[in-house]
Amino acid sequence: MDTHYKNILLEQPEAGIYCLTFNRPKQLNALSQETIQEFSSAVAVIESDQQVRVLLLTGAGDKAFVAGADISEFQGLSTLEARALALAGQDVLRRLERLNIPVIAVVNGFALGGGCEVALACDWIIASDNAKFGQPEINLGIMPGFGGSQRLMRRVNKSMALDLCMTGRMINADEAQRIGLTNQVYSFETLRDEAMKLAKTLSGKAPIAMKFIKQVMRDGQNMRLENACTLEAELFSLCFATTDQEEGVAAFLEKRKARFKGR
Ligand code: COA
């Protein structure tokens, strides 16, 4: 599979850790249609890699994570082309969200429109103190199209999702942390190191249990509590079919660090 792209970088800074960088700094990493296609191919690489444990997403440069869909491609876009664009964006973010591994958005500046929507499809959002989040589509006479209205409402709450989508205002990292959009905020200088620290911690955990935790929360959110708890019990019991469960318990009893293999 081709891993050479024009608009993104896909790197493995350490075994088991992938870092995907949106790489159009002059356009504040805006998501052109070509960038979305490359993003989709990169997600396919990660989907098919059995050794990957964690994925980090970030933006090139010191100004932006992603400043949204590429507005220069909006002029003259037909209704059908706009629909295809929304569906392409939604497809890649659905697949990102369904990866079996923890996915961390490392927000190093503007995360607006499609950029905020990318972050919302990640499990973790960590941000630098200069980060700015928003869904400013209303200012262009349009609305979020990559799932942002729905994921923002589910991640934060409906009133804040309405506020951000209807006013199009930007919020800073402090407010993002206060409303529960971000998990942590760090200084710009330390963000990347903190992201790697988190990635390393997560990459040492039991991969199958990790996948189940992600699955039960993602799928359980739209189920009745009773059914979601039944799913939890099923997945809990399946953990006991893994050698990682034997290793985890043995390591605790032998007072040593567990070495998980994903089996
Ligand atoms: N699509 C295409 N190009 C974009 C872009 C986007 N979403 N966001 C920024 N750019 C481009 C600008 O056009 C500019 O290009 P230029 O140097 O060729 O003129 C360059 O990136 C730098 O942006 P600029 O606006 O000069 O930076 P700024 O610091 O003054 O403002 C923002 C930064 C993010 C506030 C501003 O760029 C902005 O509002 N961007 C659009 C955000 C948006 O509406 N996103 C949702 C799209 S659906």
Side-chain angles (χ1 to χ4, degrees), residues 5-9 20-40 57-94 96-97 105-122 125-153 155-156 160-176 179 181-182 185 187-189 191:
Y5 307 103
K6 229 169 92 190
N7 307 291
I8 60 172
L9 294 169
L20 189 159
T21 305
F22 295 99
N23 191 25
R24 303 179 74 214
K26 286 195 184 127
Q27 293 84 17
L28 304 187
N29 307 319
L31 298 173
S32 60
Q33 298 192 28
E34 187 181 55
T35 308
I36 294 171
Q37 280 166 15
E38 292 185 352
F39 182 20
S40 177
L57 274 83
T58 194
D62 56 8
K63 262 189 92 172
F65 174 67
V66 170
D70 192 320
I71 301 170
S72 68
E73 296 181 349
F74 282 5
Q75 260 181 336
L77 205 66
S78 71
T79 310
L80 284 181
E81 286 166 342
R83 185 166 191 271
L85 173 65
L87 293 179
Q90 289 187 6
D91 175 71
V92 65
L93 295 187
R94 192 178 309 113
L96 184 75
E97 192 171 55
V106 184
V107 177
N108 56 318
F110 293 111
L112 302 175
C116 191
E117 290 171 304
V118 170
L120 285 166
C122 297
I125 305 179
I126 62 173
S128 54
D129 46 13
N130 67 326
K132 295 244 167 27
F133 294 84
Q135 296 289 160
E137 292 89 347
I138 188 74
N139 298 328
L140 301 169
I142 57 171
M143 58 178 285
F146 296 170
S149 63
Q150 299 311 302
R151 289 199 179 89
L152 192 56
M153 190 166 71
R155 191 163 192 132
V156 181
M160 189 51 72
L162 280 169
D163 172 345
L164 293 181
C165 293
M166 287 179 160
T167 65
R169 74 186 176 94
M170 280 193 248
I171 58 171
N172 62 21
D174 278 349
E175 186 169 359
I179 66 172
L181 180 56
T182 48
V185 174
S187 70
F188 181 82
E189 292 70 31
L191 179 68

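When a ligand or atom number is given, it counts from 1 through the structure's own listing order. For clarity, every value in this text was computed on a predicted model and none was experimentally measured.
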Checklist line | Under 3.5 Å side-chain donor-acceptor pair for Ser72 and Asp70 | finding: yes
Considering only N or O atoms, set out every pair between ligand 1 and the protein closer than 3.5 Å, with distances to one decimal place.
residue, atom, partner, partner atom, Å
ligand 1, 1 (N), Ala69, O, 3.4
ligand 1, 1 (N), Ile71, N, 2.9
ligand 1, 7 (N), Ala67, O, 3.0
ligand 1, 7 (N), Ala69, O, 2.9
ligand 1, 21 (O), Lys26, O, 3.4
ligand 1, 27 (O), Lys63, NZ, 3.4
ligand 1, 29 (O), Lys63, NZ, 2.7
ligand 1, 45 (N), Ala67, O, 3.0

Practice item. Assess whether salt bridge (charged side-chain N to carboxylate O under 4.0 Å, His left out) is satisfied between Glu34 and Lys6, documenting all intermediate values. Key: CA-CA 9 Å; Glu34 187 181 55; Lys6 229 169 92 190; 3.2 Å; yes
Suppose we screen for side-chain hydrogen bond (donor to acceptor under 3.5 Å, both in side chains). Which residues come up paired with Glu73, at least two apart in sequence or across chains?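 If we apply the side-chain hydrogen bond (donor to acceptor under 3.5 Å, both in side chains) test to Glu73, skipping adjacent residues, there are no hits.
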For Gln33, the side-chain hydrogen bond (donor to acceptor under 3.5 Å, both in side chains) test, sequence neighbours excluded, returns none
For Glu175 and Arg169 the tightest heavy-atom approach is OE2-NH2, 3.0 Å
Run the side-chain donor-acceptor check on residues 109-119: report pairs under 3.5 Å with partners two or more places apart or on a different chain.
residue, atom, partner, partner atom, Å
Glu117, OE1, Gly114, N, 3.4
Glu117, OE2, Gly145, N, 3.4
Glu117, OE2, Phe146, N, 2.9
Glu117, OE2, Gly148, N, 2.8

